[in-house]
Structure formats: structure tokens, C-alpha cells
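Inspection log for the structure reproduced underneath, given as C-alpha cells.
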Amino acid sequence: MKEFQPIKEGKVREIYDNGDSLIMVATDRISAFDVILKNKISRKGAVLTQMSKFWFDYTKDLLPNHMLSVDVADMPEFFRQPQFDGNSMMCKKLTMLPIECIVRGYITGSGWASYQKTGVVCGITLPAGLRESDKLPEPIYTPSTKAEIGDHDENISYEQSITVLEKVFPGKGEEYAAKLRDYTIALYKQCAEYALSRGIIIADTKFEFGLDEAGNIVLGDEMLTPDSSRFWPLEGYEPGHGQPSFDKQFVRDWLKANPDSGYDLPQEVIDKTIAKYLEAYELLTGKALA
């Protein structure tokens, strides 16, 4: 059996080169505040992979994506081991675009902090009088640069995104920036509407895109998981304060309240976190995680 070593390790994902494709493995690691925690959240990797699969299938008519298969039977023998089953995705190779495509449908997090100070979020002036967690009149596109592990992503304006793309793809900056913005908002609108019908508010999320061999823009990375999005329960939603959520906000809140924890979570926080991930998966897909 051929052994594989990851060619790239992120905070949560490991990427393996499979010749004409890549295999992305979502581990059970969890990160918060750009730090990888000491604990593992069991089954979290499977939730992330299967939820991405659900959304890739749901949106493939709107925009092609990089997913080829999540069945380890389609992958080399090395990946037919228990630790890869359910949390691995074989993907097309793409030339990734150097922009994190963030879309906000509600005002919360760093957007809310910025709005309170200036009324502006990432260069976009918003209406006066918004409360924390309010739905925005229209979703806003607030791109950021991609940071290396340990660094923070930097919010940039749409105009700056043109410059970043132009540097890497001369003559294409404006075209790619406009397409990224339009695809991001279209994907968000379609998926947020569906999620609402299932009892989940998608407050904000991020997408990543790449180019295929023909130069077409293709959706890559992960999609609308609790790691890349803020999911709130529709039931009990009430603007004017922060909302409970289905993502790692639970972990962030505990770490903020326990600054001397050394990034070591108690079992109770781990159990509650995976329960939230599983609940979001079941609400959105209508079935329990296999």
C-alpha cells in the first residue's frame, strides 16, 4: 500500500496530493483565535466534510465546485482506513484565488464592532440605527486577504481586492473581483433562504474560489460549515444582542471567560460543541450524520 504524507496542513485540514486530484481531510482539530487547541472534537471532521458535500450538491447548478467524491472507495487504498472514512473529500486541483470571500447578511462580530465606531463595515456605509444581530437590508461582500497560519486575515475593500488579484493575475483583477463578489452573494442568498426554511439563520460565511484548467472560476475549499460560517437558531432570534450559535462560538466564549486555560478545554465544552455541530447538520440536511 502506498503511503501518503500531507503536502499542506492547515489549522483543521490536511491536504494530500493524489496526482491529478487532491484529497482534503478534515481532522477533529479545532482552532479559535488563530490557535489550534489541545483538544480534539470527535466527529467534527466528518460533519465538516459531509456538510460541505451537501452544499456543493445543492449549489452545483449555480456554480461548479471542486468536489469529486467523499467515498473512500474512490480513493487510494491508504485512505480506506477508519481515520479517513467520512471526513475525506477527493477534489479537482485548482489555482486558488488569494481572497477570502466573506459575505455578511446580519451585523455581528467584527462587523458590529466596526459599525458601532464608524457606521462603516469594510468600506461600506450602512444605514443608521442598526442593532446588534440585525438583518442587513442586503447582504454585503467584505473580502479579506488570506493569512498564513498564526497571522490574522486582513479585511480589505472591494477596490483593494481588485489590486490584490491584479498583482497575481495581470489584466484579470477587475474581472475576477467582480465575479467573486457576484458569486459570493448569489451563493449566500440561495443557501441562506434554504437554511431559513430549516430553522437556521446564516449570519455570515466565507467562500474560497479557484481557477480550473480552462480558467473558469470554481468553488473550492469548504462550504457553509460551522467552521466557516455563523449559524444561529431561527427559534428565539432577537436582534439587540449576540445570538446563541451552532459553531465554535461556544468554544470562543469559554476561552474568553477563561484566559488562563492554556487553550485546554474541559470535556463539557467539547461535548456541547460537537452536539451543536451535529444538530446543525441534522437541521440542514434533514438526516442524522451516518
Side-chain angles (χ1 to χ4, degrees), residues 13 20-24 26 46-71 73-75 86-97 99-106 135-136 138-143 158 161 165 169 172 174-231 234 246 280-290:
R13 281 180 176 66
D20 57 357
S21 63
L22 294 174
I23 293 169
M24 285 176 59
V47 173
L48 298 182
T49 298
Q50 299 302 324
M51 200 178 274
S52 285
K53 177 194 185 296
F54 171 79
W55 290 116
F56 284 146
D57 284 337
Y58 185 70
T59 56
K60 64 178 186 282
D61 294 340
L62 180 58
L63 185 73
N65 59 66
H66 70 161
M67 178 175 70
L68 296 170
S69 176
V70 295
D71 186 347
D74 297 331
M75 302 177 201
N87 62 337
S88 303
M89 182 180 288
M90 189 160 69
C91 307
K92 293 174 197 147
K93 285 185 169 176
L94 303 175
T95 302
M96 296 306 288
L97 296 168
I99 296 285
E100 301 235 314
C101 297
I102 297 162
V103 55
R104 304 166 192 263
Y106 293 73
K135 186 177 185 184
L136 296 171
E138 273 296 309
I140 58 170
Y141 174 61
T142 59
Y158 173 69
S161 79
L165 289 161
F169 303 98
K172 291 284 193 179
E174 233 165 290
E175 178 197 333
Y176 288 168
K179 282 184 173 169
L180 293 185
R181 176 194 60 201
D182 295 349
Y183 286 145
T184 295
I185 288 177
L187 286 164
Y188 173 77
K189 281 183 168 175
Q190 182 176 320
C191 297
E193 192 179 327
Y194 167 81
L196 212 53
S197 75
R198 308 288 308 181
I200 287 185
I201 292 169
I202 302 173
D204 52 39
T205 191
K206 79 170 169 78
F207 300 118
E208 294 195 31
F209 300 88
L211 303 172
D212 66 10
E213 288 169 353
N216 301 309
I217 292 182
V218 174
L219 186 54
D221 198 55
E222 63 182 316
M223 183 177 187
L224 287 163
T225 69
D227 267 19
S228 66
S229 322
R230 247 184 265 255
F231 293 155
L234 177 59
F246 287 105
Y281 178 84
E282 287 177 27
L283 277 171
L284 287 167
T285 65
K287 57 179 198 270
L289 186 70

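Note that the structure is predicted; figures quoted are calculated from it, not measured. Counting begins at 1 with the first residue of the sequence.
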Original post:
Residues two or more places apart in sequence or in another chain: which of them pass side-chain hydrogen bond (donor to acceptor under 3.5 Å, both in side chains) with Thr225?
Top reply: Glu222, Ser228
Original post:
For Lys135, what residues pass the salt bridge (charged side-chain N to carboxylate O under 4.0 Å, His left out) criterion, not counting sequence neighbours?
Top reply: none
Subject >> Leu289 versus Ala46, closest heavy-atom pair with distance >> reply: CD2-CB, 4.1 Å
Subject >> For the student: nearest non-hydrogen atoms of Phe246 and Pro226, plus distance >> reply: O-CB, 3.6 Å
Original post:
Considering residues at least two apart in sequence or located in another chain, which fulfil the side-chain hydrogen bond (donor to acceptor under 3.5 Å, both in side chains) criterion with Asn87?
Top reply: none
Original post:
With sequence neighbours excluded, what pairs up with Asp74 under the salt bridge (charged side-chain N to carboxylate O under 4.0 Å, His left out) test?
Top reply: none
Subject >> side-chain hydrogen bond (donor to acceptor under 3.5 Å, both in side chains) partners of Asp221, counting only residues at least two apart >> reply: none
Original post:
Does some side-chain heavy atom of Met67 sit less than 4.5 Å from a side-chain heavy atom of Ser52?
Top reply: no
Original post:
Going by heavy atoms in the side chains, are Asp212 and Leu94 under 4.5 Å from each other?
Top reply: yes
**OP:** Would you mind reporting whether Ile201 and Leu196 have side-chain heavy atoms less than 4.5 Å apart?
**Re:** yes
**OP:** I would like to know whether Leu165 and Leu180 meet side chain to side chain contact (heavy atoms under 4.5 Å, CB included); could you show each step before the answer?
**Re:** CA-CA 11 Å; Leu165 289 161; Leu180 293 185; 4.0 Å; yes
**OP:** Output all residues satisfying ring pair (Phe, Tyr, Trp, His ring centres under 6.0 Å) with Phe56, sequence neighbours left out; order by chain, then residue number.
**Re:** His66
Original post:
ring pair (Phe, Tyr, Trp, His ring centres under 6.0 Å) with Tyr176: which residues, sequence neighbours excluded?
Top reply: Phe169
**OP:** Kindly give the heavy-atom pair with the smallest separation between Ala192 and Ile202, and that separation in Å.
**Re:** CA-CD1, 4.0 Å
**OP:** Heavy atoms only: give me the nearest Ser21-Leu68 pair and the separation to one decimal.
**Re:** CB-CD1, 3.9 Å
Subject >> Taking every non-hydrogen atom, the tightest pair across Ser69 and Met75 >> reply: O-CE, 3.6 Å
Subject >> Sequence-distant partners of Asp182, side-chain hydrogen bond (donor to acceptor under 3.5 Å, both in side chains), two or more places apart >> reply: none
Subject >> Donor-acceptor under 3.5 Å (Lys92 side chain, Asn65 main chain) >> reply: yes
Original post:
Taking only residues two or more places apart in sequence, or in another chain, which ones meet Glu175 in a salt bridge (charged side-chain N to carboxylate O under 4.0 Å, His left out)?
Top reply: Lys172, Lys179
Subject >> Spatial distance of atom CZ (Arg181) from atom OG (Ser161) [nearest 0.5 Å] >> reply: 8.5 Å
Original post:
Can you tell me how far CZ of Phe207 sits from OH of Tyr188, rounded to the nearest 0.5 angstrom?
Top reply: 9.5 Å
**OP:** Taking all heavy atoms of Thr184 and all of Cys101, pick out the closest pair and write down the distance.
**Re:** OG1-CB, 3.2 Å
Original post:
Partners of Tyr194 by ring pair (Phe, Tyr, Trp, His ring centres under 6.0 Å), sequence neighbours excluded?
Top reply: Phe54, Trp55, Tyr58
**OP:** Mind checking salt bridge (charged side-chain N to carboxylate O under 4.0 Å, His left out) for Lys60 and listing every partner two or more places apart, or none if nothing turns up?
**Re:** none
**OP:** Quick one: pull up CG in Leu284 and CZ in Phe231 and give me the separation to the nearest 0.5 Å.
**Re:** 5.5 Å
**OP:** Show your reasoning for whether side chain to side chain contact (heavy atoms under 4.5 Å, CB included) applies to Thr285 and Gln50.
**Re:** CA-CA 10 Å; Thr285 65; Gln50 299 302 324; over 6 Å; no
**OP:** For a side chain to side chain contact (heavy atoms under 4.5 Å, CB included) with Val103, tell me which candidate from Thr142, Thr205, Ile140, Asp204 qualifies.
**Re:** Thr205
**OP:** Give the intermediate values and the outcome of side chain to side chain contact (heavy atoms under 4.5 Å, CB included) for residues Phe209 and Leu187.
**Re:** CA-CA 12 Å; Phe209 300 88; Leu187 286 164; 3.9 Å; yes
Original post:
Who pairs with Tyr106 by ring pair (Phe, Tyr, Trp, His ring centres under 6.0 Å), at least two apart in sequence or on another chain?
Top reply: Trp232, Tyr237
Original post:
OG of Ser229 to CG of Leu224: how many Å apart, nearest 0.5 Å?
Top reply: 4.5 Å
Original post:
In Å and rounded to the nearest 0.5 Å, what is the CG to CE distance from Leu22 to Met90?
Top reply: 10.5 Å
**OP:** Find the distance between NZ (Lys93) and CG (Asp20) and round it off to the nearest 0.5 Å.
**Re:** 7.5 Å
